[in-house]
Amino acid sequence: MATVLDPILNSPRFPHYLRQLQEAFKVEQRKREHFYQTITDEDKAEFINGEIVFHSPVKMQHDRVSQLLATLMGSYVRSRQSGYVGHEKLLISLSRNDYEPDVCFFNVEKARLFTRHQMRFPAPDLAVEILSESTEARDRGIKFEDYAAHGVTEYWIVDPEAETVEQYLLEEGQYKLAVKVKDALLRSPTIPGFAIPARAIFDETQNLQTLRQLLEQV
């Protein structure tokens, strides 16, 4: 089966290309170590393909959607002690890049290994990114590819403008769109039993009603 590496592997200059790649990777790793040493609790920053990406403050609608979803997911998971839900500035360290998903979920097997002072975390089981003009290309591009490559079994892309949620599930190493919803029920196979109306992510009244229903199930 042909791959993008075939022209390099079949070239007589392969050893030269390999040395170039190794040197480039060493340089990138030094930059990554500098990133770890210099970021602070106050920063919202990611390390992507060798570059530090600082994020500007979010708009009100982004913050509102993020909080509403994190409240539902976090309350549900805590009430069942079924894992851990991270919100906003939790740093996910993958093999090359470091991201701060808007919301993410770790199953109980991963979560029980976390420590109080931990600042870098493994790939989550579910990641949620809330679109903005400055992040959409990455959310649909490098993050989409990277989360799949690292076994994040479920990925939600939330559009606060259109008030829609795209749910992607991992199949044979690639994401397949399961549903794109605006008003329908959204079920997560990654968080057993977690099902919410998509409107509850965007509407505060619906959010409170859904939160009560989730907690009544305990």
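A centroid separation of 6.0 Å or more is found between the aromatic rings of Phe105 and Tyr84.
Through chains of ILVMFWY side-chain contacts below 4.5 Å, Tyr36 is grouped with Phe35, Ile39, Phe47, Ile52, Phe54, Leu91. The hydrophobic cluster containing Met60, built from Ile/Leu/Val/Met/Phe/Trp/Tyr side-chain heavy atoms closer than 4.5 Å, comprises no other residue.
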### Query
Does the side-chain contact (heavy atoms from CB on, under 4.5 Å) test come out yes or no for Asp41 and Met119, once each step is laid out?
CA-CA 9 Å; Asp41 294 345; Met119 292 185 64; 3.7 Å; yes
### Residue pair Glu204, Arg64: steps toward the side-chain contact (heavy atoms from CB on, under 4.5 Å) verdict
CA-CA 9 Å; Glu204 292 189 12; Arg64 179 168 164 268; 3.3 Å; yes
### Message
Apply side-chain contact (heavy atoms from CB on, under 4.5 Å) to residues Ile92 and Cys104 and explain how you reach the verdict.
### Response
CA-CA 9 Å; Ile92 305 301; Cys104 59; 4.3 Å; yes
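Between Lys143 and Glu46, at least one side-chain N (NZ, or NE/NH1/NH2) sits under 4.0 Å from a carboxylate O, which counts as a salt bridge.
For Thr190 and Asp125, the side-chain atoms include no donor-acceptor pair closer than 3.5 Å. Counting only N and O atoms by type, the side chains of Asp63 and Ser66 include no donor and acceptor under 3.5 Å apart.
At a threshold of 4.5 Å between side-chain heavy atoms, the hydrophobic network of Ile, Leu, Val, Met, Phe, Trp and Tyr places Val103 and Val165 in one connected group. Phe106 and Val77 fall into different hydrophobic clusters, where Ile, Leu, Val, Met, Phe, Trp and Tyr residues are linked whenever their side-chain heavy atoms come under 4.5 Å apart, directly or through other members.
More than 12 heavy atoms of other shown residues, nucleotides or ligands fall within 6.0 angstrom of atom NE2 in His55. No more than 12 heavy atoms of other residues, nucleotides or ligands shown are found within 6.0 angstrom of CZ on Phe25. No more than 12 heavy-atom neighbours from other residues, nucleotides or ligands sit within 6.0 angstrom of CD on Glu42. Counting heavy-atom neighbours within 6.0 Å of Gln217 CD, excluding the residue itself, gives a total above 12. Within 6.0 Å of atom NZ in Lys59, 12 or fewer heavy atoms from other residues, nucleotides or ligands are found, so the atom counts as exposed in its surroundings.
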Distance-only donor-acceptor hits, side chain of residues 168-181, under 3.5 Å, sequence neighbours excluded:
unit_1	atom_1	unit_2	atom_2	d
Tyr168	OH	Glu166	OE1	2.6
Tyr175	OH	Val152	O	2.7

Per-pair distances, 0.1 Å, donor-acceptor, side chain in residues 207-215, under 3.5 Å, sequence neighbours excluded:
unit_1	atom_1	unit_2	atom_2	d
Asn207	ND2	Leu68	O	3.1
Asn207	ND2	Ala200	O	2.9
Thr210	OG1	Gln206	O	2.8
Thr210	OG1	Gln206	NE2	3.4

Using a 3.5 Å cut-off and no angle test, enumerate the donor-acceptor pairs between side-chain atoms of residues 7-16 and protein atoms at least two apart in sequence or in another chain.
unit_1	atom_1	unit_2	atom_2	d
Asn10	ND2	Asp6	O	3.1
Ser11	OG	Arg13	N	3.0
Arg13	NH2	His16	NE2	3.3

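Proximity of a side-chain donor or acceptor of Glu161 to a complementary backbone N or O of Leu131 within less than 3.5 Å is not detected. A donor-acceptor pair is defined here as one N or O able to donate and one able to accept, closer than 3.5 Å; no such pair exists between the side chain of Ser75 and the backbone of Leu72. In this structure, His150 contributes its side chain and Ser95 its backbone to a donor-acceptor pair below 3.5 Å.
With a 6.0 Å cutoff to the six-membered ring centre and a 45° limit on the axis angle, Arg80 counts as a cation-pi contact of Tyr76.
Side-chain contact between Leu185 and Pro197 is present, with at least one heavy-atom pair separated by less than 4.5 Å.
Among residue pairs with one or both ends in residues 21-31, those qualifying as side chain to side chain donor-acceptor pair (under 3.5 Å) are Glu28-Arg96; sequence neighbours excluded.
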